[in-house]
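One is the number of the first residue; the rest follow in order along the sequence. Note: hydrogens, waters and symmetry copies are ignored here, and every other heavy atom, side chains too, is used. Treat the numbers as computed from the prediction; the structure is a model and nothing was measured.
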Amino acid sequence: MNQYWQSGAVRDYWTRPNGALIDNMTWLNNVDCFRPKYFAAPAQAVMDIAASGFLIATLAFVPGSWIVGMSQVNATALDFQLTDLGTNYKFFSAPLSGAMVASSGGFFSPFWFPEPYMMAGNALLRVEIFNNNPTATNNSQLLLHVLEPREV
């Protein structure tokens, strides 16, 4: 049994394809060579994004880390694009709305990616954040859920 199945908040929302997505992560969870880690963008000092503003953050991962999902905090009005700088791979064909990653049922549920994505090479990820609204946002962040290799 995967640890994610123990959380009813993850398991019981049938409108999201969590069952299949969790099964795609099971093999990573079954080995003891990864630890969960979280990365936030933007940094705390620049969490307020101006009206019609744009921010770029670059996150550095340990090579071999797997990005398995993301969450957002106060960011339903923002759009995000993630780009692996080593391969120039864009996670989404167009910037993803924060509303798509919004919590449901009163809890902050992660948005699991259909497949885990491994950061290799220089392991740098560019996070672009767009505020397409005429008002500023307060304390908005994107949180990436990552499985990072353990040191041996």
Can you list the residues that meet the ring pair (Phe, Tyr, Trp, His ring centres under 6.0 Å) rule with F61, with sequence neighbours excluded? F39
Over all heavy atoms of both residues, which pair between N131 and A50 is shortest? Give the atoms and the distance, please. ND2-O, 3.0 Å
Show me the pairs that pass salt bridge (charged side-chain N to carboxylate O under 4.0 Å, His left out) and involve residues 74-83, at least two apart or across chains. none
Just so I know, are the side chains of V127 and L142 near enough to count as touching, which here means a heavy-atom distance under 4.5 Å? yes
Hey, any chance F92 and Y89 share a hydrophobic cluster, counting ILVMFWY side chains that come within less than 4.5 Å of each other, even indirectly? yes
Looking at OG1 of T83 and CG of N88, how far apart are the two atoms once the value is rounded to the nearest 0.5 Å? 6.5 Å
Of all the heavy-atom pairs spanning G64 and W66, show the shortest one and how long it is. O-CD1, 3.4 Å
According to a hydrophobic-cluster definition based on side-chain heavy atoms being under 4.5 Å apart (Ile, Leu, Val, Met, Phe, Trp, Tyr only), do L125 and I56 belong together? no
Taking salt bridge (charged side-chain N to carboxylate O under 4.0 Å, His left out) as the cut-off, I'd like each qualifying pair that reaches into residues 117-143, sequence neighbours left out, listed once. R126-E128
Looking only at heavy atoms, what is the nearest atom pair of D84 and L124, with distance? OD1-O, 3.6 Å
For F54, all residues meeting ring pair (Phe, Tyr, Trp, His ring centres under 6.0 Å), sequence neighbours excluded: F130
Which atom names give the shortest non-hydrogen contact between H145 and S71, and what distance separates them? NE2-OG, 2.6 Å
Heavy-atom side-chain proximity of T137 to L78 below 4.5 angstrom: yes
For P149, side chain to side chain contact (heavy atoms under 4.5 Å, CB included) partners two or more places apart: F34, V62, S65
Those residues at least two apart in sequence (or on a different chain) that pass side chain to side chain donor-acceptor pair (under 3.5 Å) with S97 are none
So which heavy atom on S140 is nearest to which on P42, and how close? O-CD, 3.5 Å
In the single-linkage hydrophobic clustering (I, L, V, M, F, W, Y; side-chain heavy atoms under 4.5 Å), do L59 and L96 co-cluster? yes
Applied to residues 49-78, the salt bridge (charged side-chain N to carboxylate O under 4.0 Å, His left out) test, sequence neighbours excluded, yields none
Apply side-chain contact (heavy atoms from CB on, under 4.5 Å) to the pair Y117 and F91, showing each step before the final yes or no. CA-CA 9 Å; Y117 183 81; F91 279 51; 3.4 Å; yes
Could you tell me which residues satisfy side chain to side chain donor-acceptor pair (under 3.5 Å) with N139, sequence neighbours excluded, listed by chain and number? none
Could you walk me through whether L144 and L82 satisfy the side-chain contact (heavy atoms from CB on, under 4.5 Å) test, starting with their C-alpha distance in whole Å, then the side-chain angles of each, then the deciding distance to 0.1 Å, before giving a yes or no? CA-CA 10 Å; L144 294 170; L82 307 175; 4.0 Å; yes
Angle class for the F111/F113 ring planes (parallel below 30°, perpendicular above 60°, tilted otherwise)? perpendicular
Holding to side chain to side chain contact (heavy atoms under 4.5 Å, CB included), I want the full list of residues that pass it with A40, two or more places apart in sequence or in another chain. Q141, L143
Hey, could you give me each pair passing salt bridge (charged side-chain N to carboxylate O under 4.0 Å, His left out) that has a residue in residues 56-68? Not counting sequence neighbours. none
Go through the structure and list residues passing salt bridge (Lys or Arg N to Asp or Glu O under 4.0 Å) with K37, not counting sequence neighbours. E148
State which residues pass side chain to side chain contact (heavy atoms under 4.5 Å, CB included) with S52; sequence neighbours excluded, sorted by chain then number. none
